[in-house]
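Worksheet: one structure, shown below.
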Protein chains: 2
Amino acid sequence: MAASTLTEVARLAGVSPATASRVLNGSARKPGKDIADRVRQAAESLGYVPNAQAQGLAKSSSGLIGLIVHDIADPYFAAIARGVQEAAREQRKMVLLATTGGGPAEEREAVAAFAARRADSIVIAGSRSCREEDHDGNTALAAELDRYCRNGGQVAVVGHPVVGATAPEGYHVLRVPNRELADRLATELAGSWDGDFVIVGGPEGLLTSDDRVNGFQEGLARAGRRPAEVLRSAFNRSGGYEAGLELAARIKAGRSAEGAADPKLCIFAVNDVMAIGAAAALRSEGLRIPRDAAIAGFDDIETLRDFRPALSTVRLPLEDIGRLATRATGRGPAAGDAAEDAAPAGIAGEVTLRRSTETAA
Amino acid sequence: MAASTLTEVARLAGVSPATASRVLNGSARKPGKDIADRVRQAAESLGYVPNAQAQGLAKSSSGLIGLIVHDIADPYFAAIARGVQEAAREQRKMVLLATTGGGPAEEREAVAAFAARRADSIVIAGSRSCREEDHDGNTALAAELDRYCRNGGQVAVVGHPVVGATAPEGYHVLRVPNRELADRLATELAGSWDGDFVIVGGPEGLLTSDDRVNGFQEGLARAGRRPAEVLRSAFNRSGGYEAGLELAARIKAGRSAEGAADPKLCIFAVNDVMAIGAAAALRSEGLRIPRDAAIAGFDDIETLRDFRPALSTVRLPLEDIGRLATRATGRGPAAGDAAEDAAPAGIAGEVTLRRSTETAA
DNA sequence: CTGTTAGCGCCTTCAA
DNA sequence: TTGAAGGCGCTAACAG
């Protein structure tokens, strides 16, 4: 990795490295026009590319933003990543990507790696977990973040604070109103749906999933409905598919037992990808939506909008979320003091009822 | 960004920085067990995190892989990114992400930024363009890549070589058999479809799109079919949607003019996302697939597999593509000499006919 | 306004 | 095996 150095440029231009530095990079002092041109020309002819590592070392800041996601191929994270990218570009920084699969241990590793690279800030997307088995991992992650922040790093986490993080300075939490929105979704569905509700959730302890489950139950309760049964499975398409198979079996059983006019089921899957999986399962069992069962998701993933029947869901401004989280870490140590800045501009979702929960046959 | 330094650790452990370095990082020399423990303990208690920038500066290599995509939220790129991630992890490197929107100028910027950061290698995904308007941009991009490679960088580009790049050492091209596969798709479709074909392509000059268009035409020709008309629009969902509207109008016009038994159209959209857009347009115009028109895509995007009617398409191992491209840059300067390593393990796609092109009513 | 002198934190010869 | 010295490329204080 040998490239021409600032010193070489300076020599060619017949000036000191300091001067060359001043003209080639932003400095308060502005060198004379004549000399500046000579330097620029020398740089050009040598194909000089500043060494960001050296710059970083010298001014101890790297121009890097670390982004931690479960899986970059998941459209949910991909959308957030796009927002982060944009915000990074605004700040003239680059984004470093880490994919963890969701485990706190891997997240800790990622944070350490970012810290080692002296990333200016870290954005953590992806649900927190409070499962017992993740306890130690969370503690370690919290410690790592803590240290990173104490060393001047900025971190923003989407959704929930990292379990056990003792928010020093520079720790921002971008709250996402999952609970409230799920509540509202339940409310609206309860208004137009007479049958029972079932929730297809992720593993217990996944905070995002839990919020959506709980919110939904609350909405149901307020509407005077009885609580929905909760089926747990993986927080992805195949989890939804499995749950869907189970439900399909029940629906078919119930139907043959009672005849035709049985109470229809409305399935709430805690994210769109699971909802699609569940829908696929029902379909594979010969059931139709919304004829035999209604289904709703959460997130309003862009790629899934052309799905038929159109999926009722809750629209989340994923890109904005990424952007806002990133910005929260950008504005120097100004805006948010310590913990839990409530949604700055206010993350607002929107219940979006579509064909998949239409009650009309 | 102040953190404890190696020197501090060394002092606390009562050894020289050199020794501390040797124990904390992999070195040929192995320090005494006793001293090693002391150092490790000191490091632990100080919360020492090695400064990757300094390490990079010292040994001039950064452990970074740069990835350039048009748009990380596009599932095509997201899938490739996942593969790149995995390969990076194998190599114990991190990936730096750059989103360019597809313009050569922005790509050049990204390459320069990666070069500045001394990325060990760069992976460029996303179609090359040979449009006249991009000529200068391509030249500049080629020059930048050239310089990067001359300085010891490794670059892998997916699909086509960068127009004008004079492949020095370290320049790898991962060929994707778009043309062959499109050809095969046409062949298979021609076998089961009697009506005419129309191609919905991206802008002319987008190499990936052109390959697929040309390959498809070739397949058609070999099957004795007349060439398909080519509609050009943006290489994304909305491009497909627009083209779909146009086609819907034609179909409806043709139908009212001739009565019922008109020759049905089979639409080949050069990627899945466009196909979905086109399908949505047809549907919005009251047309049904495959009843009123057949449609096929390309890529076999995972998220779109649950789409109904199931989309006929060509399966591309996107994740492998990302992985292989990355690996090509990893194995030192060993494997590929200069240009165009033909697909190493052989990128193999697969024509996948599904419901959307079924001929049976 | 320019050049000189020190480091930034680490690795790597070279002696010891 | 360990320590001391020099340098990676650049910036930031000082001098001139």
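Since we're looking at a predicted model, the values are computed, not measured. Proteins come first, then strands; the chains are lettered A, B, ... in the order of their sequence lines, and each starts at number 1.
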Check: B:Thr326 side chain, B:Gly322 main-chain N or O, donor-acceptor pair, under 3.5 Å: yes
Phosphate OP1/OP2 of D:dC8 contacted by A:Asn51 side-chain N/O (<4.0 Å): no
Sugar-phosphate, base or nothing in reach of B:Leu6, heavy atoms under 4.0 Å: sugar-phosphate
Nearest-nucleotide pick for A:Gln55, side chain only, options being D:dT11, C:dT12, C:dG9: D:dT11
Candidate nucleotides D:dC10, C:dC11, C:dG3, ranked by approach to the side chain of A:Thr5 - the nearest: D:dC10
Rounded interatomic separation in angstrom, taking CD from B:Gln53 and C1' from C:dC11: 16 Å
Among D:dC10, D:dG3, D:dC8, the one nearest B:Ala18 by side-chain distance: D:dG3
Interatomic distance, A:Glu8 CD vs D:dG7 P [rounded to whole Å]: 15 Å
B:Ser21 vs C:dC11: side-chain N/O to OP1/OP2 distance below 4.0 Å: yes
Shortest side-chain distance from A:Ile35, nucleotide among D:dT2, C:dT2, D:dC10: C:dT2
Working for salt bridge (charged side-chain N to carboxylate O under 4.0 Å, His left out), residues A:Arg150 and A:Asp146: CA-CA 6 Å; A:Arg150 252 194 320 265; A:Asp146 225 68; 2.9 Å; yes
Length of the line joining B:Arg11:CZ and C:dC10:P, which is rounded to integer Å: 12 Å
Residue B:Lys59, side-chain atoms from C-beta onward, closest of C:dG7, C:dC10, C:dC11: C:dC11
A:Glu133 atom CD: more than 12 heavy-atom contacts under 6.0 Å: yes
Shortest side-chain distance from A:Thr19, nucleotide among C:dG3, D:dC10, D:dT11: C:dG3
Under-4.0 Å salt bridge between B:Arg147 and B:Glu144: yes
For atom CZ of B:Arg118 and atom P of C:dC11, their distance in whole Å: 19 Å
A:Leu24 CG - D:dA12 C1' separation (whole Å): 17 Å
Sugar-phosphate only, base, or nothing, as touched by A:Pro50 at under 4.0 Å among non-hydrogen atoms: sugar-phosphate
Electrostatic pair A:Arg323-A:Glu90, nearest N-O below 4.0 angstrom: no
Candidate nucleotides D:dC10, C:dC8, D:dC8, ranked by approach to the side chain of B:Leu57 - the nearest: D:dC8
Under 4.0 angstrom between B:Ser16 side-chain N/O and D:dT2 OP1 or OP2: no
Upstream residue (5' side of DNA chain D) when B:Pro17 and A:Ala54 are each assigned their closest nucleotide: B:Pro17
Per A:Asn25 side chain, nearest of listed nucleotides C:dG9, D:dG3, D:dC10: D:dC10
First of B:Ala58 and B:Val15 reached from the 5' end of DNA chain D, by closest nucleotide: B:Val15
Check: A:Arg22 side chain, C:dG3 base, donor-acceptor under 3.5 Å: yes
NZ/NE/NH1/NH2 to OD/OE distance under 4.0 Å, A:Asp34 and A:Arg38: no
